[in-house]
Amino acid sequence: MKKHLLNRRQFGARCAAFGLLFPALSTVRAVQTGAEVLGTRAASKPPARTVKLADGTTVPALGQGGWHLGQGRHPEAVEEEALRTGISLGMTLIDTSGDYGDGRSEQFIGHVLAGQRERIFLVSKVEDDEVTGDGMARACDASLARLGTDYLDLYLLHSPVPRKQFSHVVSGFEQLRAAGKIRAWGVSNFDLGLMKDLFRVPNGHRCATNQLGYNLRHRNIEREILPWCKQRNVPVMAYSPLGGDDNLVVRDQVLAQIGSMHGCSAAAVALAWVIRSGSVIAIPESGSPAHVKENAVALSIALTTQDLQALDAAYPGPPPTA
Ligand SMILES: NC(=O)c1ccc[n+]([C@@H]2O[C@H](COP(=O)([O-])OP(=O)(O)OC[C@H]3O[C@@H](n4cnc5c(N)ncnc54)[C@H](OP(=O)(O)O)[C@@H]3O)[C@@H](O)[C@H]2O)c1
């Protein structure tokens, strides 16, 4: 099948977008009109629905964040339906932390996961002030109890500790792995210098992921840390992929126009952009079943070269390093 041919729905959506809906979007239109005339609006590579960790484990490219879940932002039954909906649509990686809502996020997730633990790739975190002595083992046991499970698929250090503690933290993680309490470990909010130093300590290279903020408005990681991680088979797990609570990109007109061409929401476009490389996992959070359904569509969108150019024009990435 020729990928540049449009089906009827795409054609209709595109006509509407160009002719009627968004007359002011000159940047997007300038890029796209030329492409349409030349017939070069070819689809980019099919989207990466899964991401492979260095140990060979395959995880969905789109998971679900749990920061505010179980804490009254939405009625509990609605959040439960949202999480279950995401799971049924393939967003089976779930991210939480013992710190979120003082354990309430983990308790809520544990309740929803009862009876379907094996389907889930479960991620939780230990805090930087919990790592001294046998603190990691105690924190992990507490998380397991709240989650109602006997293992985590991935356990992350939530934020950096002083470098002199790296060896102790890595050996704490490795002991938990040997005990079968965690299957893999990683870090969060580590910059390039910290990652390099982590990889210098014994077993530091076993770090499975670095969880970092990444979205259209925050592209700084593209400059150094993202390529460095990619070269080492360390997928980045993107938090706040929709921009986070205070900076949501979902009302953006460029995203809305691209979404109208693909028959999806702006949020789905933003998420498809985050996971476009095949080496980034996105963990959007939503306590709304309708939003979760929108978000899951990102797994089946192939952004075109022109879409990516329009997004680059609207949200420029960092300048390349000299
Ligand atoms: N490691 C770290 O330091 C760190 C830091 C921050 C976050 N995280 C993790 O990353 C996860 C996600 O990050 P985040 O919560 O900061 O930001 P986010 O996922 O970018 O945004 C969450 C916000 O987007 C809304 N939303 C979700 N889908 C939507 C849609 N389709 N349309 C409109 N609004 C939508 C949510 O509200 P509704 O509930 O109403 O949908 C919520 O207000 C967290 O839950 C947490 O697990 C980790």
Side-chain angles (χ1 to χ4, degrees), residues 3-37 40-49 61-62 64-65 74 82 85-86 89 91 213-219 222 238-277 280 282-317:
K3 286 185 178 167
H4 64 272
L5 293 179
L6 305 179
N7 64 32
R8 190 182 301 174
R9 181 177 55 77
Q10 288 168 324
F11 181 74
R14 200 157 302 171
C15 289
F18 277 99
L20 299 169
L21 291 180
F22 301 101
L25 291 176
S26 53
T27 310
V28 179
R29 186 181 283 179
V31 173
Q32 289 173 334
T33 306
E36 295 290 330
V37 169
T40 56
R41 199 189 159 83
S44 62
K45 280 190 302 181
R49 292 181 178 81
L62 200 60
Q64 300 186 79
H74 303 271
T85 300
L89 294 173
M91 298 159 77
Y214 185 47
N215 56 61
L216 276 161
R217 290 207 178 103
H218 293 101
R219 299 182 56 171
E222 289 173 17
Y239 70 71
S240 307
L242 294 169
D245 276 348
D246 301 329
N247 215 0
L248 280 177
V249 292
V250 296
R251 280 181 210 91
D252 179 272
Q253 284 211 322
V254 178
L255 288 169
Q257 187 187 27
I258 294 171
S260 77
M261 294 177 187
H262 289 273
C264 70
S265 67
V269 174
L271 295 173
W273 179 87
V274 171
I275 62 173
R276 68 199 180 285
S277 67
V280 174
I283 49 168
E285 172 175 332
S286 179
S288 148
H291 285 171
V292 168
K293 283 180 195 157
E294 282 183 16
N295 297 347
V297 173
L299 286 169
S300 55
I301 298 171
L303 294 176
T304 65
T305 308
Q306 289 74 30
D307 295 334
L308 296 174
Q309 286 171 347
L311 290 169
D312 279 340
Y315 295 103

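Side-chain atoms are counted along with the backbone in the values below, which use heavy atoms only and exclude waters and symmetry mates. Note that the numbering runs from 1 along the sequence shown for the chain.
- To the nearest 0.5 angstrom, Arg49 atom CZ is 11.5 Å from Leu62 atom CG.
- You'll find the side chain of Val269 stays beyond 4.5 Å of the side chain of Asp307, heavy atoms only.
- For the residue pair Tyr214 and Glu222, a side-chain donor N or O sits within less than 3.5 Å of a side-chain acceptor on the partner.
- In terms of the side chain to side chain donor-acceptor pair (under 3.5 Å) criterion, residue partners of Ser265 (sequence neighbours excluded) are, by chain and number, Glu294.
- Residues meeting the side chain to side chain contact (heavy atoms under 4.5 Å, CB included) test with Ser240, sequence neighbours left out: Asn215.
- Here the side chains of Met91 and Pro284 are in contact, with some heavy-atom distance below 4.5 Å.
- Qualifying side chain to side chain donor-acceptor pair (under 3.5 Å) partners for Arg217, counting only residues two or more places apart in sequence or in other chains: Asn247.
- Between atom CG of residue Leu311 and atom CD1 of residue Ile258 there is a gap of 3.5 Å, rounded to the nearest 0.5 Å.
- By the side chain to side chain contact (heavy atoms under 4.5 Å, CB included) test, Leu89 pairs with Thr85, Lys293, Ala296, sequence neighbours left out.
- Under the salt bridge (Lys or Arg N to Asp or Glu O under 4.0 Å) criterion, the residue pairs touching residues 242-267 are Arg73-Asp245, with sequence neighbours excluded.
- Annotation: side chain to side chain donor-acceptor pair (under 3.5 Å) contacts of His74 (sequence neighbours excluded): none.
- The distance from the CD1 atom of Ile301 to the CH2 atom of Trp273 is 14.5 Å, given to the nearest 0.5 Å.
- Looking at every heavy atom in both residues, Cys264 comes nearest to Val297 through CB-CG1, 3.7 Å.
- Between Ala82 and Ser286, the closest heavy-atom pair is CB-O, 3.9 Å.
- Across all non-hydrogen atoms, the minimal contact from Gly287 to Pro289 is O-CD, 3.9 Å.
- Note: Leu271 CG to Asn295 CG = 5.0 Å, rounded to the nearest 0.5 Å.
- Heavy atoms only, all atoms of each residue included: Leu255 and Ala270 are closest at CD2-N, 4.0 Å.
- Every residue meeting the side chain to side chain contact (heavy atoms under 4.5 Å, CB included) condition with Val250, not counting sequence neighbours, appears here in chain and number order: Leu242, Leu248, Ala267.
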